[in-house]
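Everything below concerns the one structure shown next.
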Amino acid sequence: MPELPEVETVVRGLREPLIGRTIQSVWWDWTKSIRYPDPHSFAARVSGQTVRAIERRAKYILCRFDEDILVVHLKMTGRLYVVGDNEILDSDRWAHVRFQLDGGRQLRFSDSRKFGFVTLVTDINEIAPSLGPEPLSDEFTPSVLKMRISKHQKSIKAVLLDQHVLAGVGNIYADEALHMAKIHPMRGASGLSNEEIARLYTAIRTVLSEGIEREGASVNWYRKPDGTSGDAQNHFAVYDREGEACLTCGSPIYKTRVAQRGTHFCATCQPLP
DNA sequence: CGGACAACCTGGCGGC
DNA sequence: TGCCGCCAGGTTGTCC
């Protein structure tokens, strides 16, 4: 899925068309895309509510009404977008949940793989308790990173993917950040030096910020709410570049398996001790 | 606690 | 062209 930069891009793109709009009705064709409450209760409760704010927490999209919060997780292939009156007949066989808005437009949750979901809560902690800090927030500092990763014995890659340690980093940006910080993904998280942690801190913030500036990475399914692609995929240093030359040293990029995830790295820039 | 793996699903791609 | 196996941005739960 979309990771932090992609979700942030979706959130920014939805504010203009959604804030101030009132949901009139809800249509669905896949019950499990609506996690809570049951679809009929969900539709009844959402109908008549007006969108007051759109925010992001980790990889969750928060659509705030007066009391309730509509939470959306895109998982691997989810999309959230608004179609206008003239495009209302556009077909999207994967748009499993559709919110009819006042003014004639429609908010769609589309998800070919059906891993994602929409749900209704009154507090984000109901679905995502104990999430780690936002990596781009002021509360995230090198010492916070050190404190949070050093208590884990597993690989640094696995720790970066753990949303309870740090919220929002996924498989692509974990590989990119580790390459930028010159740290091998299989290094033990508790064995990193202060200097390495400082580099990793800067690298995480840099790759995520650049990802947002480029409006996300369109690998496969991700699209911005307006339907166009982001640009971050054209700037990957290692992700999806197996066999190609490292942009830093020219050595071939290797792909392996770490934490059960495809993992890309440069053995020259990111040596194991 | 950590690691391996299955589940949840479908589509795209490479190989034969 | 057709079929088959494998891979995929995430998260959660189970088992050892």
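- Across residues 238-248 of chain A, A/Tyr239 each have a non-hydrogen atom less than 4.0 Å from an atom of DNA chain C (numbered order).
- Rounded to whole Å, the distance from CG on A/Leu161 to P on B/dG2 is 14 Å.
- Residue A/Lys59 places at least one side-chain N or O closer than 4.0 Å to OP1 or OP2 of C/dT11.
- Note on A/Trp94: every side-chain N or O is 4.0 Å or more away from OP1 and OP2 of B/dC9.
- The distance from atom CZ of A/Arg261 to atom C1' of B/dA4 is 14 Å, rounded to the nearest whole Å.
- For A/Thr122 and A/Glu126, the side-chain atoms include at least one donor-acceptor pair closer than 3.5 Å.
- Here A/Gly116 lies out of heavy-atom contact (under 4.0 Å) with every strand.
- Nucleotide C/dT12 holds its C1' atom 13 Å from the CD atom of A/Gln260, rounded to whole Å.
- Of the two residues contacting DNA chain C, namely A/Arg113 and A/Ile127, the nearest-nucleotide position lying further toward the 5' end is that of A/Arg113.
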Subject >> Secondary-structure notation, DNA chain B, from Watson-Crick and G-U pairs under 3.5 angstrom (| other strand) >> reply: .|||||||.|||||||
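- Between A/Leu160 atom CG and C/dT11 atom P the separation is 13 Å, expressed in whole Å.
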Just the atom pairs and distances: protein N or O near nucleotides 13-16 of chain C's N or O, under 3.5 Å.
none

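- Distance, A/Glu6 CD to C/dA8 P: 17 Å, rounded to whole Å.
- A donor-acceptor pair is defined here as one N or O able to donate and one able to accept, closer than 3.5 Å; such a pair exists between the side chain of A/Thr77 and the backbone of A/Arg113.
- Among the atoms of the strands shown, none is found under 4.0 Å from any heavy atom of A/Ala259.
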